Amino acid sequence: MNTIKLRVLTLAMLAVASAPALSESQTVPMPVPNEASIPKGPMGDAIKRGKALLTDTHKQLPKNVGNGLNCTSCHLNAGTTAYASPWVGLAGAFPEYRSRSGKIISLQERINDCFQRSMNGKPLAFDSAEMNAIMAYMKWLSTGVPTGTNVTGRGFEKIDTSLKPNPVHGKSIYTAQCASCHGAEGQGTKNPQGGYIFPPVWGKDSFNVGAGMARMYTAAAFVKHNMPLGQGGTLSAQDAVDVAAYFTQQPRPDYAARVKDWPKGDKPKDAR
Ligand code: HEC
Ligand code: HEC
């Protein structure tokens with residue numbers, strides 16, 4: 001065989017071999033590393049600091065948080081719960097294209113998106129000790145997840161977006177099944193030591209209108225799998241859509257920069 005033919009053949013074989021990686025990401029089971037595997041020394045200290053920042057965000061980063069939430073108010077159990085948008089595996093999933101931004105973004109940019117929207121606050125500097133600590137924690141959480149794959153349970157459960165919301169029925173579900181913790185006015189239940197025991201779901205201390213959780217179907221998907229806390233999976237998809245239609249539309253902080261979202265014109269129907 002001449003060299004040209006050999007090269008064509010090799011290229012063809014390479015193309016076949018690399019095809020799966022170039023198509024839709026593969027899904028792998030979600031491993032959660034054991035705390036005991038956190039190394040000693042500066043790297044281990046950064047991982048622990050990152051976890052502390054993510055679970056106690058309101059208190060530890062007052063300059064960057066503009067509401068009463070912690071990152072883990074939504075990313076349950078320090079980002080290790082499947083279908084509560086876990087952080088496991090994200091170190092090898094980013095950079096990634098996002099339609100809301102209309103471009104490829106880094107994990108740091110994605111983290112800052114949640115600081116500005118979900119936390120109604122301000123971004124961290126990319127080279128700050130705090131951002132590096134958060135990145136160190138997420139990288140440690142991603143141990144064992146191959147680069148370019150997604151874990152099972154990344155993001156939220158799929159929800160049927162053809163379901164039509166009934167916010168009046170949603171209000172009665174809220175009163176019966178959510179208000180005991182999140183308050184009749186969505187104001188949450190304060191912790192006498194500061195912050196909240198049960199976080200607010202609307203009002204000045206909640207996520208802003210530009211947050212993913214302000215979108216009805218995103219909120220419904222989160223609620224269906226995770227709420228009422230400890231009884232996830234008990235609401236029907238229709239009930240989850242109804243209760244989400246009720247609480248997402250209540251008053252909450254504005255996010256002026258949201259007019260720049262979805263620059264390619266593919267704005268989802270439930271975005272505010
Ligand atoms: C009010 C709920 C809420 C809070 C609080 C919150 N997030 Fe999020 N986060 C979301 C939602 C919803 C998504 C998915 C949004 C979407 O894709 O539509 C998300 C997505 C993410 C992602 C990308 C996940 C993936 O699979 O691509 C990262 C990383 C992230 N958040 C980090 C953070 C950090 C760090 C904080 C704290 C500074 C935080 N989040 C606070 C709701 C929240
Ligand atoms: C037993 C108390 C309890 C009940 C009942 C409950 N939640 Fe929650 N909810 C929580 C806690 C606690 C968190 C935060 C998790 C954490 O910090 O670990 C949370 C988080 C949330 C969040 C994300 C954070 C935020 O404040 O926006 C939403 C949205 C939410 N719950 C909606 C609901 C809805 C809707 C219902 C009713 C169907 C409900 N919850 C019932 C305790 C409860």
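This is a predicted model, so every value here is computed, not measured. Order of listing sets the numbers, starting from 1, for every ligand and every atom in it.
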**Request:** Please list, by chain and number, the protein residues whose heavy atoms come under 4.0 Å of ligand 1.
**Result:** L54, L69, N70, C71, C74, H75, S85, W87, L90, F94, R98, L107, R110, I111, C114, F115, S118, M119, R154, F156, F207, G212, M213, T218
**Prompt:** Would a line drawn from the ring center of F156 to the ring center of Y83 be shorter than 6.0 Å?
**Reply:** no
**Asked** So, does D113 use its side chain to make a donor-acceptor pair with the main chain of Q108 at under 3.5 Å?
**Response** no
**Request:** Just jot down the ligand 2 atoms closer than 4.0 angstrom to any heavy atom of Q177, in number order.
**Result:** 5 (C), 37 (C), 41 (C)
**Prompt:** Taking all non-hydrogen atoms of both residues, which atom of A240 and which atom of K224 are closest, and how far apart?
**Reply:** CB-CB, 3.8 Å
**Request:** Using only heavy-atom distances, determine whether the side chains of S162 and D160 contain a donor-acceptor pair under 3.5 Å.
**Result:** yes
**Message:** Using a 6.0 Å distance limit plus a 45 degree cone around the ring axis, check whether R110 lies over the aromatic ring of F94.
**Reply:** no
**Request:** Could you tell me which atoms of ligand 2, counted from 1 in the order shown, lie closer than 4.0 angstrom to a heavy atom of L76?
**Result:** 15 (C)
**Asked** So, is N226 placed with an N/O/S atom under 2.8 Å from atom 8 (Fe) of ligand 2, counting both backbone and side chain?
**Response** no
**Complete:** Sorted by chain and number, sequence neighbours left out, ring pair (Phe, Tyr, Trp, His ring centres under 6.0 Å) with Y196 holds for none
**Item:** C181: numbered ligand 2 atoms lying under 4.0 Å from its heavy atoms
**Value:** 1 (C), 2 (C), 3 (C), 4 (C), 5 (C), 43 (C)
**Complete:** Answer key: the N, O or S atom of H182 nearest to atom 8 (Fe) of ligand 2 is NE2
**Prompt:** Closest heavy-atom contact between H58 and G195?
**Reply:** CD2-CA, 4.1 Å
**Request:** Heavy-atom distances under 4.0 Å are what count here, so tell me which part of V223 touches ligand 2: side chain, backbone, both or neither.
**Result:** side chain
**Message:** Between I47 and W87, is there shared hydrophobic-cluster membership here, with clusters defined by ILVMFWY side-chain heavy atoms closer than 4.5 Å?
**Reply:** yes
**Message:** For Y174 and Y246, take the angle between the two ring planes, folded into 0 to 90°, and tell me which bin it lands in: parallel under 30, tilted 30 to 60, perpendicular over 60.
**Reply:** tilted
**Complete:** Numbered in order shown, the ligand 2 atoms found under 4.0 Å of a heavy atom of P228 are 5 (C), 6 (C), 41 (C)
